[in-house]
Structures are given as structure tokens and as C-alpha cells.
Amino acid sequence: MKSMERILPVFVFVVLLGSNLLNISHFSFVSVFFAVFWPLVAGVFVFGLIKLLWWWVQR
């Protein structure tokens, strides 16, 4: 479970970041910021869900 805590959020971040950067309509600071920001939020969310699941299982 510990390796899943590290690998899955990074995988989600990299896949979403690649998708966002490939599909960006125009390059500006704001669009690149959001292309990086939302995958970061998704990665933190997945990390939090894994932590919640691990806490739930150990309870």
C-alpha cells in the first residue's frame, strides 16, 4: 500500500499533465498554469483517497 501511495498519484499527475499540455489551445502563462494546477489537484486528491482507504482498512 505504501508504494501505491507514491506511484498512483504520480501516474495520475503525469497522465493528466501530458493530456493537458497536448490539448492546450494557446500557450500563455494562465493556460500553462491551469494545465499544471489541475493535475496537481487530482494527484493530491488521489493521494488523499488512498490515505483514507488505508485508514479505513486499519480501523
Side-chain angles (χ1 to χ4, degrees):
M1 194 66 145
K2 289 290 183 183
S3 65
M4 186 186 247
E5 282 180 9
R6 291 183 208 116
I7 294 184
L8 191 59
V10 170
F11 178 74
V12 167
F13 174 73
V14 167
V15 168
L16 288 176
L17 179 65
S19 172
N20 285 348
L21 290 178
L22 285 174
N23 292 321
I24 202 165
S25 60
H26 61 281
F27 280 95
S28 67
F29 177 74
V30 175
S31 60
V32 171
F33 173 75
F34 281 118
V36 174
F37 178 72
W38 291 120
L40 185 64
V41 169
V44 169
F45 183 72
V46 168
F47 179 76
L49 286 177
I50 293 170
K51 284 297 227 186
L52 178 68
L53 176 66
W54 187 243
W55 171 78
W56 186 269
V57 167
Q58 288 188 349
R59 210 170 56 106

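Here, residue 1 is the first one in the sequence, and each next residue gets the next number. These values consider heavy atoms only, across backbone and side chains, with no hydrogens, waters or symmetry-generated copies.
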Undergrad: For residues Phe34 and Asn20, report the shortest heavy-atom separation together with the two atoms involved.
TA: O-ND2, 4.5 Å
Undergrad: Please say yes or no: joined through hydrophobic side-chain contacts below 4.5 Å, possibly via intermediate residues, are Leu40 and Val14 part of one cluster?
TA: yes
Undergrad: At their closest point, which heavy atom of Pro9 faces which heavy atom of Gly43, and how far apart are they?
TA: CB-O, 3.4 Å
Undergrad: Trp38 and Leu16: side chain to side chain contact (heavy atoms under 4.5 Å, CB included), yes or no, with the steps?
TA: CA-CA 8 Å; Trp38 291 120; Leu16 288 176; over 6 Å; no
Undergrad: Where do Glu5 and Ile50 come nearest, in terms of heavy atoms and distance?
TA: CG-CG2, 3.7 Å
Undergrad: Test side chain to side chain contact (heavy atoms under 4.5 Å, CB included) on Lys51 and Trp54 and set out the steps.
TA: CA-CA 5 Å; Lys51 284 297 227 186; Trp54 187 243; 5.5 Å; no
Undergrad: In a check of side-chain contact (heavy atoms from CB on, under 4.5 Å) between Val46 and each of Leu8, Val41, Val10, which one passes?
TA: Leu8
Undergrad: How close do Ser31 and Ile24 get, heavy atom to heavy atom, and via which atoms?
TA: OG-CD1, 3.6 Å
Undergrad: Going only through I, L, V, M, F, W and Y residues with side-chain contacts under 4.5 Å, is there a path from Val30 to Phe37?
TA: yes
